[in-house]
Amino acid sequence: MPAKSELLRRAYAVQTPDEVRELYRDWAARYDADLTGDDLRYVAPREAAAILRHFVTDPGARILDVGCGTGLSGLALVAAG
């Protein structure tokens, strides 16, 4: 597995659809862990869920997570109640 810095360098350098597919093929197994880990600290799903929780006070409300990536938003919504 390439180092995270190498994967990020590649991500910023992609220029073709084939390069994007190759990057994510190489990164897929660790993508969520890398995004949310100590190095990148991606918190957008958690922050969005907290904001939504402020406005949607019914814990039984149904929220549809459509096309939001790998499912991190859905997990954050569940964790926020």
Under 3.5 Å, sequence neighbours excluded: what are the donor-acceptor pairs made by side chains of residues 55-64?
residue: D58; atom: OD1; partner: G60; partner atom: N; Å: 2.8

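- When every heavy atom of A76 is checked against every heavy atom of P45, the shortest pair comes out as CB-O, 3.4 Å.
- A pairwise comparison of heavy atoms in T36 and Y42 identifies CG2-O, 4.0 Å as the closest pair.
- Residues satisfying the side-chain contact (heavy atoms from CB on, under 4.5 Å) criterion with A11, sequence neighbours excluded, are L23, W27.
- V20 meets the side-chain contact (heavy atoms from CB on, under 4.5 Å) test with V14, Y24; sequence neighbours excluded.
- Shown here are the side-chain contact (heavy atoms from CB on, under 4.5 Å) partners of E22, two or more places apart in sequence or in another chain: R10, R25, D26.
- Note that CG of L77 and CG of L52 are 6.0 Å apart. Values are rounded to the nearest 0.5 Å.
- For the pair E19 (side chain) and Q15 (backbone), a donor-acceptor distance under 3.5 Å is present.
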